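Below: one structure, written as structure tokens.
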Amino acid sequence: MPELPEVETVVRDLRPHLIGRRIASVKVSRHHLRQRWQPAWNQLLPGRQVLEIRRRGKWICTLLDDARFLVIHLGMSGQLTVVPNAAPIQKHTHVIVGLDDGGRQLRFRDIRRFGLAVLVESAAALEVMLDSGKLGPEPFDLKPAYWRKRLTATQRSLKAALLDQRLVAGVGNIYADESLFEARLPPTQRGSQTSAADADRLRRSIVRVLNRAIERRGSSIQNYVGGEGLQGEYQNEFRAYGRTGEPCPRCETPIERIRLAGRSTHYCPRCQGQ
DNA sequence: ATAGGCGCCTGCTGGC
DNA sequence: TGCCAGCAGGCGCCTA
């Protein structure tokens with residue numbers, strides 16, 4: 001569930017609590033996540049100091065003082081929070097990292113277990129994992145020529161293209177629908193049919209929607225909370241996503257919902273043309 | 001190579 | 001009240 005704005009909010013929340021802190025202890029649950037936790041990591045983590053926390057697309061990369069990275073993906077239902085040691089341990093908590101500040105823990109909770117928590121050996125290994133063709137550029141760094149080229153090179157729908165992390169990193173189902181609404185483009189339109197003007201409008205819309213969502217600390221629908229356990233507020237500003245049957249905020253036409261690229265897709269049949 | 005479908009999980013909601 | 005289908009911020013693997 002968490003997309004770029006939610007992950008960015010988590011990272012910003014965690015930084016002041018984690019940077020400079022040392023890891024005192026590690027405890028993991030028996031349930032496996034998308035990738036199995038290696039027992040060796042329980043030995044490697046204690047004593048390490050947190051130097052940096054970065055976001056890349058929907059990935060959270062915590063740089064440690066041995067040049068390794070604790071890498072976390074929130075999947076659909078992941079929560080990464082800093083809480084007092086005494087806070088009750090909620091069901092589905094899979095990793096608990098004790099901190100040396102004498103009273104708090106970093107906890108990774110993930111109800112559906114589509115998420116991931118792994119220790120990566122080095123910056124080079126992280127490159128292989130995330131970059132090397134897998135993750136496209138950050139939405140804020142999209143070059144107009146690149147973006148149009150990638151869109152026009154595919155027969156898939158704009159919706160499918162936006163969800164493809166290789167084209168642009170960090171956009172998911174909510175912000176794809178919201179960006180297409182903002183740009184007044186039909187989600188079903190084939191990438192190959194995209195004019196230069198369409199592509200650029202879409203690019204700007206993505207940036208505007210994501211920045212606004214970050215300002216509102218992301219969207220909370222069911223599970224999402226930021227690094228301090230607070231919900232987001234952007235769900236109150238949705239114009240298309242999840243508004244099936246409600247009037248379009250631009251033209252009052254009821255918002256429609258279709259299945260596209262395997263996902264629920266919400267749009268205004270009138271002002272998002274065709 | 002590219003595009004679509006399915007499965008991985010748990011929990012919640014709505015209809016009967 | 002119970003049961004069952006359908007749905008949910010993602011992604012990787014399989015197939016045509």
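None of the values given here were measured: they were computed from a predicted structure. Lettering follows sequence order; numbering is per chain, from 1.
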Would you classify [X] as touching base, sugar-phosphate or nothing, given that sugar-phosphate means primed atoms plus P, OP1 and OP2, and contacts are heavy atoms under 4.0 Å?
{"X": "A:Y241", "result": "sugar-phosphate"}
{"X": "A:S220", "result": "base"}
{"X": "A:R259", "result": "sugar-phosphate"}
{"X": "A:R257", "result": "sugar-phosphate"}
{"X": "A:G262", "result": "nothing"}
{"X": "A:K91", "result": "sugar-phosphate"}
{"X": "A:I221", "result": "base"}
{"X": "A:H32", "result": "sugar-phosphate"}

In this structure, how many angstroms lie between the [atom2] atom of [N] and the [atom1] atom of [X], rounded?
{"X": "A:Q35", "N": "B:dC9", "atom1": "CD", "atom2": "C1'", "result": "17 Å"}
{"X": "A:R166", "N": "C:dC11", "atom1": "CZ", "atom2": "C1'", "result": "11 Å"}
{"X": "A:L74", "N": "B:dC9", "atom1": "CG", "atom2": "P", "result": "19 Å"}
{"X": "A:R150", "N": "B:dA1", "atom1": "CZ", "atom2": "P", "result": "13 Å"}
{"X": "A:K159", "N": "B:dA3", "atom1": "NZ", "atom2": "P", "result": "17 Å"}
{"X": "A:Q235", "N": "C:dA8", "atom1": "CD", "atom2": "P", "result": "17 Å"}
{"X": "A:L163", "N": "C:dC11", "atom1": "CG", "atom2": "P", "result": "9 Å"}
{"X": "A:R56", "N": "C:dC11", "atom1": "CZ", "atom2": "C1'", "result": "16 Å"}

*CZ of A:R56: more than 12 outside heavy atoms within 6.0 angstrom?*
yes
*Kindly check if the number of other-residue, nucleotide or ligand heavy atoms within 6.0 Å of CZ (A:R166) is above 12?*
no
State plainly whether the residues [X] and [Y] are in salt-bridge range, i.e. N to O under 4.0 Å.
{"X": "A:R113", "Y": "A:D110", "answer": "no"}
{"X": "A:R239", "Y": "A:D177", "answer": "no"}
{"X": "A:R204", "Y": "A:E182", "answer": "no"}
{"X": "A:R22", "Y": "A:D65", "answer": "yes"}

Using the side-chain heavy atoms of [X], tell me which of these nucleotides is nearest: [options].
{"X": "A:Q155", "options": "B:dT10, B:dA3, C:dG10", "value": "B:dA3"}
{"X": "A:R113", "options": "C:dC7, B:dG11, B:dT10", "value": "B:dT10"}
{"X": "A:M76", "options": "B:dT10, C:dC11, C:dA8", "value": "C:dA8"}
{"X": "A:H92", "options": "B:dA3, B:dG11, C:dC11", "value": "B:dG11"}
{"X": "A:S264", "options": "C:dA8, C:dC11, C:dG10", "value": "C:dA8"}
{"X": "A:R263", "options": "C:dG10, C:dC11, B:dG11", "value": "C:dG10"}
{"X": "A:R156", "options": "B:dG4, C:dA8, C:dC11", "value": "B:dG4"}

_Which residue is it: A:I255, A:T253, A:I258? I am looking for the one with a side-chain contact (heavy atoms from CB on, under 4.5 Å) to A:P269._
A:T253
*Ring-on-base stacking B:dC9 with A:F114 (under 5.5 Å, under 30°)*: no
_Roughly how many Å apart are C:dC14 and B:dC9, using the P atom of each and rounding to a whole number?_
16 Å
Protein N or O to nucleotides 12-16 of chain C N or O, pairs below 3.5 Å:
none

*Side-chain N or O of A:K134 less than 4.0 angstrom from OP1 or OP2 on C:dC11?*
no
_Phosphate OP1/OP2 of B:dT10 contacted by A:S77 side-chain N/O (<4.0 Å)_ = no
*asked:* salt bridge (charged side-chain N to carboxylate O under 4.0 Å, His left out) for A:D101 and A:R21? Distances and angles first, verdict last.
replied: CA-CA 7 Å; A:D101 66 351; A:R21 295 267 67 86; 5.0 Å; no
_Quick one, A:L162 and A:I206 - any side-chain contact, counting heavy atoms below 4.5 Å?_
yes
*What is the pairing partner of B:dC9, taking Watson-Crick or G-U wobble pairs with both distances under 3.5 Å in any strand?*
none
*asked:* Heavy-atom nearest nucleotide on DNA chain B for A:T154 versus A:I111: which residue maps closer to 5'?
replied: A:T154
